[in-house]
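Beneath this line is the structure, given in structure tokens, with notes to follow.
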Amino acid sequence: MTVRVGQAGLGNWGKNLARNFAELADLTWLCDADPAKRELAARYPQARWTDGFDEMLADPELEAVVIATPVPTHYSLAKQALGAGKHVFVEKPPAMRASEMEELVTLAEEHGLVLMPGHLLLYHPGVATVKELVDSGELGEIRYIYGNRQNLGVIRTNENALWSLGVHDLSVILHLVDEEPETVWAHGTSFLTPGVEDVVFCYLRFSSGKVAHMHLSWLDPHKMRRMTVVGSRKMVVFDDMELERKVTIYEKAPWKRTDSYGEWQTRSGDISIPKIPTDEPLKLECQEFLRLVSGEGDRRKVAEDGARVVRALDMLTTSLHGS
Ligand SMILES: NC(=O)c1ccc[n+]([C@@H]2O[C@H](COP(=O)([O-])OP(=O)(O)OC[C@H]3O[C@@H](n4cnc5c(N)ncnc54)[C@H](O)[C@@H]3O)[C@@H](O)[C@H]2O)c1
């Protein structure tokens, strides 16, 4: 049966979500606090329009709510929707405090509802390939991971580079290592807007001994969307700027020759480029939400994984601001 979905927020990103849910589900409501967005909503004549979130939630036929509004509104809108008995897909990050996210997870669990954060990269076929390489042991023991998310712009003035850019890489790093960081450090500087860090460097250490680093910046000459995973046997790079070589596997590793008095040597073997499906990650993400709503998959894990990201963001923010 098709899921009846209502969406709040028809801005730059929300319109992509609406396009997908109109195709994959029964999009019965569109809601935006800005009445001017009614024009955009008219593209979907099957959906009723409102500028009041409460009016949409009051529809007893509505099963699921998609939230694509600005970050500071996510927690209260998601809480209201869960309280009204609706399944929730909420753009990243679902909350700005770990305690708020825990509250949402508990609420979803108590009501038996889906709470899925919009961590788009987790549905990228390239990231899925890297995850398979990590989980299958092909890379050996994971030593460290680092992410580069840099560009000149888009310059934000109300959200720093950690919250705007870092949330993507953090969700992927935690997905790959499947652990909570034990210790984190974040250092950043605001050059353009007082109090809003344009450049942030983060370091995370896990109890298994793995470490991770993120370089986040919108003040950079390079446009980079890259994640590098260094294993004891092989190394892999996921590069989202590449069209045809999104994932590259390097058979490179250090090793010790028995006849060389324990000195480290390095070995460089084949470099391979697996074929990555070109499916749109956003469509796969929307399909996963609908699958969870229809009772398939592990809805509890999806919510818990989202909480792990918010907890790490909270720790990094404390380190960044030194309190
Ligand atoms: N997953 C991704 O790759 C990705 C990419 C871009 C943005 N996002 C996320 O999507 C969300 C929206 O970003 P955007 O760039 O579309 O922002 P935007 O400012 O363009 O749009 C937000 C819309 O929400 C509306 N709105 C605000 N408060 C509302 C409320 N209480 N009820 C109903 N509507 C309300 C605004 O009028 C606006 O139309 C953000 O959380 C952002 O982090 C995710």
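Being a predicted model, the structure only gives us computed values, none of them experimental. Position 1 is the first residue of the sequence, and the numbers go up from there. Hydrogens, waters and symmetry mates play no part in the numbers below; they use all other heavy atoms, side chains included. Order of listing sets the numbers, starting from 1, for every ligand and every atom in it.
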Could you go through residues 41-50 and list every donor-acceptor pair under 3.5 Å that involves a side-chain atom there, pairing it with any protein atom two or more places apart or in another chain?
{"unit_1": "T50", "atom_1": "OG1", "unit_2": "G52", "atom_2": "N", "d": "2.9"}
{"unit_1": "T50", "atom_1": "OG1", "unit_2": "G52", "atom_2": "O", "d": "3.3"}
{"unit_1": "T50", "atom_1": "OG1", "unit_2": "E55", "atom_2": "OE1", "d": "2.6"}

Table please: side-chain donor-acceptor pairs of residues 245-255 below 3.5 Å, with sequence neighbours left out.
{"unit_1": "K246", "atom_1": "NZ", "unit_2": "D240", "atom_2": "O", "d": "3.0"}
{"unit_1": "K246", "atom_1": "NZ", "unit_2": "D240", "atom_2": "OD1", "d": "3.0"}
{"unit_1": "K246", "atom_1": "NZ", "unit_2": "E242", "atom_2": "O", "d": "2.9"}

Just list the side-chain donor-acceptor pairs under 3.5 Å for residues 87-97, sequence neighbours left out, or say none.
{"unit_1": "H87", "atom_1": "ND1", "unit_2": "V114", "atom_2": "N", "d": "3.0"}
{"unit_1": "E91", "atom_1": "OE2", "unit_2": "W13", "atom_2": "NE1", "d": "2.9"}

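Side-chain N or O atoms of R308 include none that pairs as donor or acceptor with a backbone N or O of E180 at under 3.5 Å.
The neighbour count for R291 CZ, taken as heavy atoms of other residues, nucleotides or ligands under 6.0 Å away, is above 12.
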I'd like the atom pairs linking ligand 1 to the protein - N or O on both sides, separation under 3.5 Å - with distances to 0.1 Å.
{"unit_1": "ligand 1", "atom_1": "1 (N)", "unit_2": "E91", "atom_2": "OE1", "d": "3.3"}
{"unit_1": "ligand 1", "atom_1": "16 (O)", "unit_2": "N12", "atom_2": "N", "d": "3.1"}
{"unit_1": "ligand 1", "atom_1": "16 (O)", "unit_2": "W13", "atom_2": "N", "d": "2.7"}
{"unit_1": "ligand 1", "atom_1": "20 (O)", "unit_2": "N12", "atom_2": "N", "d": "3.0"}
{"unit_1": "ligand 1", "atom_1": "34 (N)", "unit_2": "A33", "atom_2": "N", "d": "3.1"}
{"unit_1": "ligand 1", "atom_1": "37 (O)", "unit_2": "D32", "atom_2": "OD1", "d": "2.5"}
{"unit_1": "ligand 1", "atom_1": "39 (O)", "unit_2": "D32", "atom_2": "OD1", "d": "3.2"}
{"unit_1": "ligand 1", "atom_1": "39 (O)", "unit_2": "D32", "atom_2": "OD2", "d": "2.7"}
{"unit_1": "ligand 1", "atom_1": "39 (O)", "unit_2": "K37", "atom_2": "NZ", "d": "2.9"}
{"unit_1": "ligand 1", "atom_1": "41 (O)", "unit_2": "T69", "atom_2": "O", "d": "3.2"}
{"unit_1": "ligand 1", "atom_1": "41 (O)", "unit_2": "H74", "atom_2": "NE2", "d": "3.0"}
{"unit_1": "ligand 1", "atom_1": "43 (O)", "unit_2": "K92", "atom_2": "O", "d": "3.2"}
{"unit_1": "ligand 1", "atom_1": "43 (O)", "unit_2": "K92", "atom_2": "NZ", "d": "3.1"}

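Ring centroids of H213 and Y203 are separated by 6.0 Å or more, keeping the two rings apart.
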